[in-house]
Amino acid sequence: MESTSTAKSRKLVTLDEYIIQAQNKFPGATGELSQLLRDIGLAAKIISREVNKAGITNLLGVDGSTNVHGESVKRLDLFADQQLISALDRSMITCMVISEENDGIVRLNSEGGKYIVYMDPLDGSSNIDVNVSIGSIFSIYMRQPRFDKKLVEDDALQPGIRQVAAGYVLYGSSTIMVYTTGLGVSSFTLDPSIGEFILSEDDFKIPECGNIYSINEGSYNSWADGLKKYIKYCQVEDEETNRPYTARYIGSMVADLHRTLIKGGIFIYPASTRYPNGKLRLMYECNPLSFIIEQAGGMAIDGKKRIMEKQPTSIHQRIPIYIGSPDNVKKVKELLDQHENKESV
Ligand code: AHM
Ligand code: MG
């Protein structure tokens, strides 16, 4: 028979319980951020259900419209966008949402709500048709107090260091939610039999150094010299530093980052001829994932500087990203400094 202590240590903690327990550690907390995280958790469960049955309900495929970047929008993107927006709208705490699927800011019913939420409702959507993991990403800011109360886009242009919480949901072989409020990184796995996210890890730490590099090598010819040198460095044999590294690239940032968080290594989406400023969006892809990786002990830079210190100039702006284990990021930065950055340092 199990001892009492073993039984106790195996007690399942749901996402909602965990959020409330965390909130109780701060006596002055209003509970609004907790509510917001629970709203996102609920929307994620609904999206997860639809992602899993997409093939049979015909939600797959292009719906004929394009998003603000001229890319074709899959129906599931729209579904995820609507679910997240309506979940956030219901609890009247969020004043505006900025989503990859919407050109401008989306004002919610609670214009006086104190939170601003950025999101990529379904990242990696080109992978939907082929049953590869996709994810939702979110990033939460507090609205800054202003005398002029009318909500404008500028209210949302805050650097990543001001995020109060960020996270992602990965719809993979299981559905996993990972988030941080700046006090470490926690992860939850959806148990579909009871419809609850169950705590799986409450202090995620990324390995100091990893032997996996993750980059779309198709753009090799247009990379900066320092980056080419780094990828060569990853490929050279050296027993002491566990090289050659392994290449892994899923093409869904959430999935690539989740692997990087667990196994260590580096994920890179650099500037290239096709994407001179990188492809990924600062506000709803790079900042939230940088917050998580930093909270887990990793690093995230744009090649020169810390991503989260970048002052945004527009809600959909792109930025190059080098993110992962601290030793890997420092190494690529060293080579970029020797080649590209030398004039500017
Ligand atoms: P999306 O938001 O349109 O899905 O695009 C973002 C995705 C990321 O998930 C992924 O890292 C990247 O695009 C892959 O791009 P590429 O196919 O150029 O390698
Ligand atoms: Mg995306």
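The basis for the numbers below is simple: all heavy atoms, side chains too, and nothing from hydrogens, waters or symmetry mates. As the structure is a prediction and not an experimental result, all values here were calculated from the model. Numbering of ligands and ligand atoms starts at 1, following listing order.
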Kindly confirm or rule out an N or O of Ser252 lying under 3.5 angstrom from an N or O of ligand 1.
no

Is it true that Lys304 and Asp302 have a side-chain N and a carboxylate O under 4.0 angstrom from each other?
no

Measure from the Mg ion (ligand 2) to every N/O/S atom of Asp123 and report the name of the nearest one.
OD1

Met253-ligand 1 polar pair, N/O distance under 3.5 Å
yes

Go through ligand 1 atom by atom and flag the ones less than 4.0 Å from a non-hydrogen atom of Glu100.
2 (O), 3 (O)

Hey, which N, O or S atom on Asp120 ends up closest to the Mg ion (ligand 2)?
OD2

Under 4.0 Å from ligand 1, counting heavy atoms only, is it the side chain of Tyr284, its backbone, both or neither?
neither

If you define the side chain from C-beta out and look only at heavy atoms, does anything of Ile319 sit under 4.5 Å from Leu280?
no

Hey, does Tyr269 come in under 3.5 Å of ligand 1, counting only N/O atoms on both sides?
yes

Under a heavy-atom criterion of less than 4.0 Å, does Ser126 contact ligand 1?
no

Taking N or O atoms only and a 3.5 Å limit, does Gly124 qualify as a polar contact for ligand 1?
yes

May I ask whether Glu285 places a heavy atom under 4.0 Å from ligand 1?
yes

Within the structure, does Tyr275 bring an N/O atom to less than 3.5 angstrom of an N/O atom in ligand 1?
no

Under 4.0 Å from a heavy atom of Asn216: which atoms of ligand 1 are those, numbered in the order shown and with their elements?
16 (P), 18 (O), 19 (O)

Is the contact between Leu280 and ligand 1 made by the side chain, the backbone, both, or neither, using heavy atoms and a 4.0 Å cut-off?
side chain

Please give me the minimum heavy-atom distance between Pro288 and Phe138, naming the atom from each residue.
CB-O, 3.4 Å

Here the N/O/S atom of Glu285 closest to the Mg ion (ligand 2) would be OE2

